[in-house]
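Below is one structure, written out as structure tokens, with a few remarks after it.
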Amino acid sequence: MEILSGIASKLGELLVDATIKQARYLFCFNSIVKELEDKETNLKEAQDGINEKVEEERQKHCAIVVEKDVEKWLADVVKEMADVRNLKAMVDEKKSCLNGWCPNWGCRYWLGRKASKRTSKLSDLLQDRSKFSTIARPKPLPSDKELPIPRHFMSFGTTKSACNQIIEALIKDSTKMVGLHGLGGVGKTTLAKFVGNQLRQKMIFDQVGIATMSQDPSITNVQSELVKSLGWALTEQDEEDRADRLRLMFSESKSRKILIILDDVWKELDMETLGIPVGDRDNCCKILLTTRLQQVCDRMGCDTRIKLDALDQAEGLNLLRKHAGIDVADTTLIDVSKRVADECKGLPLAIKAVGSALRGRTADEWNVALYKLQNAKLDKIEGIDKDSRGVYGCLKFSYDYLNGEDSRSCFLLCSLFPEDYEIDLEDLLGYAVGLVWYQAESIEKARSLLRGTIKGLKDSSLLLDTDNDGFVKMHDVVRDVAIWIGKVEKKCFTSKVGIGLAEWAVEECLEQYRGISLVGNEKVELPSGLVCPSLHILRLENTLDGNKLQVPEYFFKEMSALKVVTIIGGVLSVKSLQFLANNLRVLRLIRCDVSDASFLGKLKRLQILYLEKSPIEIPDGLGDELSRLKLLYIGTWSGSISPITINKFPQLEEFYGWIKNWEVEGMSSEESYARCAELDSQPDGSVVCLPNDFSFPKLQRYGIMEVGALYDIDRWTRCLDAFDRGTRCLIIENNHPKATLGIFSALYQNLEILYLSGVTGCHNIVPSIDERGLNELTILHVTDCKDLECIMDASKSPH
């Protein structure tokens with residue numbers, strides 16, 4: 001009986017609830033419609049927010065992929081919003097009958113029920129919005145992109161034979177790994193890339209990936225290079241986790257045939273450590289490795305070993321004539337060009353370098369070159385085998401024929417970077433300024449001259465292009481020759497990877513070195529000091545996650561000749577640099593913890609100060625002390641600088657970074673109140689008060705943004721793209737009255753990128769901001785400028 005009573009009670013509750021719900025459609029109709037309208041408004045705001053984020057990603061990356069769940073959500077929102085609009089129209093049309101005197105209870109019930117259901121669906125969509133972790137992402141790089149090979153690649157009988165052997169071997173089902181070996185400079189890398197492109201074009205392989213090993217390989221760097229070439233991405237930081245992820249990626253791609261090119265292998269590799277599955281029955285991944293050493297092929301267990309021989313005499317002569325630009329009809333160079341080609345020993349790298357050096361030379365100059373090549377005293381080069389001496393002599397000859405000491409200095413300095421390192425031209429600019437390669441009156445002029453120098457070195461086949469604009473790299477054989485030349489000419493540069501500085505200093509006398517670069521130092525603590533009286537360049541780069549190089553207070557005491565210092569991933573007090581006050585011209589601190597910033601003022605000769613992700617408070621009086629500073633880069637919002645301080649650098653030509661919040665004397669009380677309200681909402685509410693006649697200094701290049709305006713690191717990166725592209729960029733936010741924008745009047749004439757947000761009292765861009773017309777502007781981004789009526793008001797412009 002009790003059970004039946006409980007069931008009856010429950011049924012009664014359900015019936016009551018259902019009755020109340022049904023009655024609500026009739027008697028709470030207006031509340032239901034109001035609730036629907038509120039949800040519609042909220043959903044519209046959420047939809048606008050998602051669309052804005054999608055557009056932001058599109059502006060940043062151009063090519064993007066919107067996440068599938070976001071795409072479906074947006075489509076569902078569009079559909080539901082259309083249904084809501086239709087329903088609201090029906091409500092307006094049928095909510096009453098007899099001209100409003102008598103409610104249409106049937107319509108009211110039906111519409112109330114429909115509205116309630118729509119409200120529920122809108123609520124579900126709003127809830128789904130909160131689940132999105134990613135809205136959109138950059139479109140993956142195409143995995144079918146061709147591997148870059150030299151523009152003037154020529155396929156000879158020798159290379160064709162090796163090419164055919166490699167393809168035949170890789171086509172066989174039984175082959176898992178092919179080894180290509182040969183002398184340094186014989187063209188192994190170029191041939192491997194050519195083979196990869198051929199196999200993909202013929203659809204024998206679906207994807208081709210490549211990674212360079214070098215003598216001191218960084219596993220994480222190799223993994224990153226490999227996944228990038230395959231159009232994949234790795235987010236893991238730990239080396240083992242990355243290897244596990246790679247194996248999973250290969251496993252998920254087992255339906256596709258993948259060729260992996262491992263270039264410049266020097267010792268046996270553990271593929272498991274890298275994350276490359278080889279020999280798995282279900283895996284369609286094959287390996288093509290290149291090496292100078294046949295024993296590497298043996299130790300790696302290559303199924304097929306192929307030797308790439310040097311070019312024969314006729315092939316070498318044809319290649320030389322191509323790079324030297326010899327007209328076949330010019331009989332004066334027939335004999336001497338043959339003999340010069342013979343001296344290059346059939347090595348394409350040597351032939352290209354010598355041919356480029358002799359381009360446009362007379363017959364007499366060719367004879368002089370032949371004499372120098374024949375009499376080069378290279379019989380005994382420590383650590384160099386007899387077969388390699390020929391290419392050393394040819395590359396030394398090409399070095400000797402470079403135009404100007406600046407070209408030779410730049411060439412030798414590029415050996416300071418690790419093997420296969422992509423060298424940033426802006427990095428090289430710091431060395432050009434610090435070592436005074438050019439008598440240039442400005443940073444921009446030095447940058448232009450450097451570009452000319454780099455072009456000359458590339459034309460001489462001594463430097464190579466990379467996939468990234470603004471970067472170059474050096475062939476490993478060329479780098480070996482550069483290091484050897486530096487020792488011969490007592491201009492020693494050296495680069496070591498993964499070695500403790502203290503141990504290395506004990507093993508080798510450092511007094512002779514002019515430049516030292518250490519990357520991936522095994523120990524995070526440096527020795528207390530080093531005796532390096534001739535050292536002009538020091539570059540320390542720590543690649544270990546979670547650890548930083550500890551720079552002792554007296555570390556630089558016996559390095560007083562240093563002119564350029566770069567520290568990446570370090571902890572130091574600027575006080576430790578006081579011993580370099582008389583000579584230091586360039587200081588680059590990247591991902592460093594920095595203290596005692598007041599000592600920056602002691603570095604009186606400093607011309608370039610570059611602070612990236614190295615929080616530091618710039619002293620207000622620094623402009624008075626660093627009177628020679630020409631370039632200042634502050635790539636961290638917590639290291640902002642006062643506009644007044646910037647104005648005090650008498651020779652400043654380029655500035656990139658955050659400036660402190662400012663207001664101008666004489667602002668109206670309304671403007672000042674709005675300004676203070678905005679600044680109070682920022683993490684740093686401080687404000688610099690500028691005199692009403694203040695003017696920002698005229699700069700040649702700049703990327704300027706106000707602290708607190710944006711904490712979006714992607715937007716900040718976009719701003720600092722100005723640093724790479726040579727554009728001039730200004731970002732102004734934080735509820736500025738139009739009157740405060742006058743401080744930038746000196747920049748508007750050559751401004752190229754302008755971001756404005758929250759600017760008040762501005763009815764037009766021209767002539768309100770600058771009556772001269774912003775003639776160089778290429779990008780204008782305006783948001784939340786509520787008073788803006790037009791971009792250009794021609795009726796008010798004097799032009």
Side-chain angles (χ1 to χ4, degrees), residues 6-58 66-136 674 677-678 680-681 711-712 735 757-758 783-788:
I7 293 173
S9 175
K10 188 64 178 176
L11 285 172
E13 288 176 16
L14 292 172
L15 288 171
V16 169
D17 289 343
T19 303
I20 292 173
K21 190 175 182 181
Q22 303 298 319
R24 189 172 178 270
Y25 298 149
L26 292 172
F27 301 108
C28 300
F29 179 75
N30 291 333
S31 297
I32 291 173
V33 172
K34 177 67 168 60
E35 187 180 353
L36 176 65
E37 289 174 343
D38 291 343
K39 291 293 182 185
E40 180 190 23
T41 301
N42 294 341
L43 188 59
K44 181 68 171 65
E45 290 175 355
Q47 181 191 34
D48 291 343
I50 292 292
N51 284 327
E52 282 178 14
K53 288 183 180 296
V54 169
E55 188 55 35
E56 282 180 13
E57 289 296 318
R58 202 182 307 281
V66 179
E67 298 294 347
K68 288 185 178 180
D69 54 349
V70 175
E71 273 191 335
K72 183 179 182 303
W73 184 86
L74 287 170
D76 290 345
V77 168
V78 170
K79 179 180 179 299
E80 289 300 325
M81 297 289 265
D83 289 345
V84 168
R85 284 193 298 272
N86 292 335
L87 181 60
K88 286 169 65 179
M90 293 171 66
V91 168
D92 291 338
E93 182 182 348
K94 298 180 179 180
K95 63 183 176 182
S96 66
C97 63
L98 298 178
N99 296 321
W101 288 101
C102 177
N104 186 333
W105 296 105
C107 285
R108 175 170 285 208
Y109 173 83
W110 183 77
L111 290 173
R113 189 166 178 268
K114 293 280 285 186
S116 184
K117 286 185 176 181
R118 290 290 166 217
T119 301
S120 178
K121 287 190 176 182
L122 299 192
S123 296
D124 291 343
L125 286 170
L126 282 168
Q127 191 173 359
D128 290 343
R129 161 63 187 93
S130 63
K131 298 176 183 177
F132 300 146
S133 56
T134 306
I135 305 300
E678 174 67 26
D680 284 344
S681 68
Y711 294 97
D712 181 350
N735 198 32
S757 179
T783 58
D784 197 28
C785 295
K786 297 178 181 177
D787 298 323
L788 189 67

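From a predicted model like this one, the values you see are computed outputs, not experimental measurements.
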Derivation and outcome, side chain to side chain contact (heavy atoms under 4.5 Å, CB included), residues Asp128 and Asp76: CA-CA 11 Å; Asp128 290 343; Asp76 290 345; over 6 Å; no
Please tabulate, for the side chains in residues 118-125, all donor-acceptor contacts under 3.5 angstrom to protein atoms that are two or more places apart in sequence or on a different chain.
{"unit_1": "Arg118", "atom_1": "NH1", "unit_2": "Glu80", "atom_2": "OE1", "d": "3.0"}
{"unit_1": "Thr119", "atom_1": "OG1", "unit_2": "Ala115", "atom_2": "O", "d": "2.8"}
{"unit_1": "Ser123", "atom_1": "OG", "unit_2": "Thr119", "atom_2": "O", "d": "3.0"}

Let me check something: any side-chain donor-acceptor pairs from residues 43-51 under 3.5 Å, sequence neighbours excluded? List them with distances.
{"unit_1": "Lys44", "atom_1": "NZ", "unit_2": "Asp48", "atom_2": "OD1", "d": "2.9"}
{"unit_1": "Lys44", "atom_1": "NZ", "unit_2": "Asp48", "atom_2": "OD2", "d": "3.1"}
{"unit_1": "Asn51", "atom_1": "ND2", "unit_2": "Gln47", "atom_2": "O", "d": "3.3"}

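Under the salt bridge (Lys or Arg N to Asp or Glu O under 4.0 Å) criterion, Glu67 pairs with Arg137, not counting sequence neighbours.
In this structure, CZ in Arg129 is found 10.0 Å from CG in Leu74, a value given to the nearest 0.5 Å.
Smallest separation of non-hydrogen atoms from Met81 and Glu40: CE-O, 3.7 Å.
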